[in-house]
Q: 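Below: one structure in structure tokens.
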Amino acid sequence: MPHESEFLRTLDERGFIHQCSDFAGLDALARRNEVVGYIGFDCTAVSLHIGSLIQIMMLYWLQQTGNKAVALMGGGTTRVGDPSGRDQSRKLLSVEEIEANKDGIKQVFARFLRFGAGKRDAIMLDNAEWLTKLNYIEFLRDVGRHFSVNRMLSMDSVKLRLERDQEMSFIEFNYMCLQAYDFVELSRRVGCNLQMGGSDQWGNIVTGVDLGRRMATPQLYALTTPLLTTASGAKMGKTAAGAVWLNAELFSPYDYWQFWRNTEDADVGRFLRLFTLLPLDEIRRLESLTGADINEAKKVLATEATRLLHGEQAANEAAKTARETFEEGALAQSLPTVELPRAEFEAGLGVLTAFVRAGLAASNGDARRQIKGGGLRLNDVPVTDERATLRAADLSPDGVIKLSLGRKRHVLLRPVPAEKNGSAA
RNA sequence: GGGGGAAUGUCCCGAGUGGCAAAGGGGGCGGACUGUAAAUCCGCUGGCUUACGCCUUCGUAGGUUCGAGUCCUACUUCCCCCA
């Protein structure tokens, strides 16, 4: 069942598609470039993380193949909380937190979508705009009567919670109603006819499609992506440093590059298709590399993915830093740098403290343990004495000391004259 | 309304006899092996300390005790059964 539209064909070839409510119908729309598709993003953190990247890429391809993309901020729905895939209720965020999160999340979209007022320009909306103005009684009469509680109870997001005897409050139970209503509202406001999302959103999205039929919107469609895990089964996007954030202030371009560079062999092809724009025949060539040669493909993946999110320059710098550090054994000046007052350094800084200040150890005790395990290095020399003190002789000609945790994590410590405080560069 | 159970190392699951910094997993980190991969093996996984050691942790608050995760009382939350 090959798709005729460029949109579906591209998504299919690149591995984005998990389920669709009606391939033929959507294909027909896409062939005429009449798809107006949206994806909703919860505002539960100040930045999206890598788990949302596949959704963002779908919006990208939607626009690139001649259709209209809508990025929906969940400023309203986040006040309610999505129970999908959760074992327990999440604590409610304050309105202020949600607004702050929304501001942080917005930034990233400009890198992937062309916004504007034109027919094929992307737009960004916030469902707080209509959800917060709903009148409860009216909503129940106009919308609520279309929802079957029987069916909602049978949906996975609800059923699982009930089966495990886990509490599910009424507010969470309403989440899918609001999300379904969003779809209808977007249909009416901007002619939206497609909602995309992760496979865990299938139930919520289809509920929206169904509500649209009952409320007489034009035909709506649902399209979901597969759940992304690494080849060895782990959830994607967890590293030593925690979540892989998309905002550069939370997760530097260098770390981002490293994240992709450390992709498992078996995932390289899949990730190249999903997270880069490289042509498929080039990807086929890269993923066919075997043994150590596949490292070349990983570097391409890292640089391409970083370029998309952080730009050409940041990507090249990250690639250069990695090359100097890992391949040439040189001291790359662009490694993450932590500054500390020169006075503190001259007063005699213990190695333990130094590693804690650099963010490579959680506490002195942690640093001690790492030393015992042979995991800490000072200027590439393993630290063996936990009582050692950093000295001026340890400074490189450029005035920095290189601290390393394990093979991969390196930080430069730089004493500075003023009272500037240590912050990662 | 009555009866019974449960809450453990703030990542998760989960043993626990009055002497416990608290078994065991998972996850994570480090080491070895490699290719900045996977798999495998080994070590570590509360804070402070050069160290003897000190401090903080088992839902909350009290109590018994030389000593309490462990016993008693009250409270909070959750689950099960009866009504």
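A, B, ... follow the sequence lines: proteins, then strands. Residue 1 opens every chain. Since we're looking at a predicted model, the values are computed, not measured.
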Q: OP1 or OP2 of C48(B) less than 4.0 angstrom from a side-chain nitrogen or oxygen of S363(A), does that happen here?
A: yes
Q: If I take atom CD in residue Q370(A) and atom C1' in nucleotide G43(B), what distance separates them, rounded to the nearest angstrom?
A: 10 Å
Q: Tell me which nucleotide, if any, is Watson-Crick or G-U wobble paired with A21(B) when both distances must be under 3.5 Å.
A: none
Q: Is the backbone of L301(A) close enough, under 3.5 Å, to the side chain of T276(A) for a donor and an acceptor to pair up by distance?
A: no
Q: Reckon N364(A) has a side-chain N or O less than 4.0 Å from the OP1 or OP2 of G47(B)?
A: no
Q: Whole angstroms only, please: what is the CG-P distance between D366(A) and G46(B)?
A: 10 Å
Q: Could you check G374(A) against L352(A) and say which one's nearest nucleotide on RNA chain B is further toward the 5' end?
A: G374(A)
Q: Taking only the side-chain nitrogens and oxygens of K299(A), find out if one of them lies under 4.0 Å from OP1 or OP2 of G35(B).
A: no
Q: On the nucleotide G47(B), are OP1 or OP2 found under 4.0 Å from the side-chain N or O atoms that R369(A) carries?
A: yes
Q: Is there a side-chain contact between N295(A) and R261(A), using heavy atoms and a 4.5 Å cut-off?
A: yes
Q: Name the residue from D394(A), L413(A), L390(A) that meets the side-chain contact (heavy atoms from CB on, under 4.5 Å) definition with F345(A).
A: L390(A)
Q: What is the ring orientation for F326(A) with H410(A), classed by angle as parallel under 30°, tilted 30 to 60°, or perpendicular over 60°?
A: perpendicular
Q: Establish, yes or no, whether a centroid distance under 6.0 Å links the rings of Y181(A) and F139(A).
A: yes
Q: Below 3.5 Å between N/O atoms, which protein atoms pair up with nucleotides 53-58 of chain B? Just atom names and distances, please.
A:
none

Q: Is a donor-acceptor contact shorter than 3.5 angstrom present between the side chain of E327(A) and the base of U36(B)?
A: no
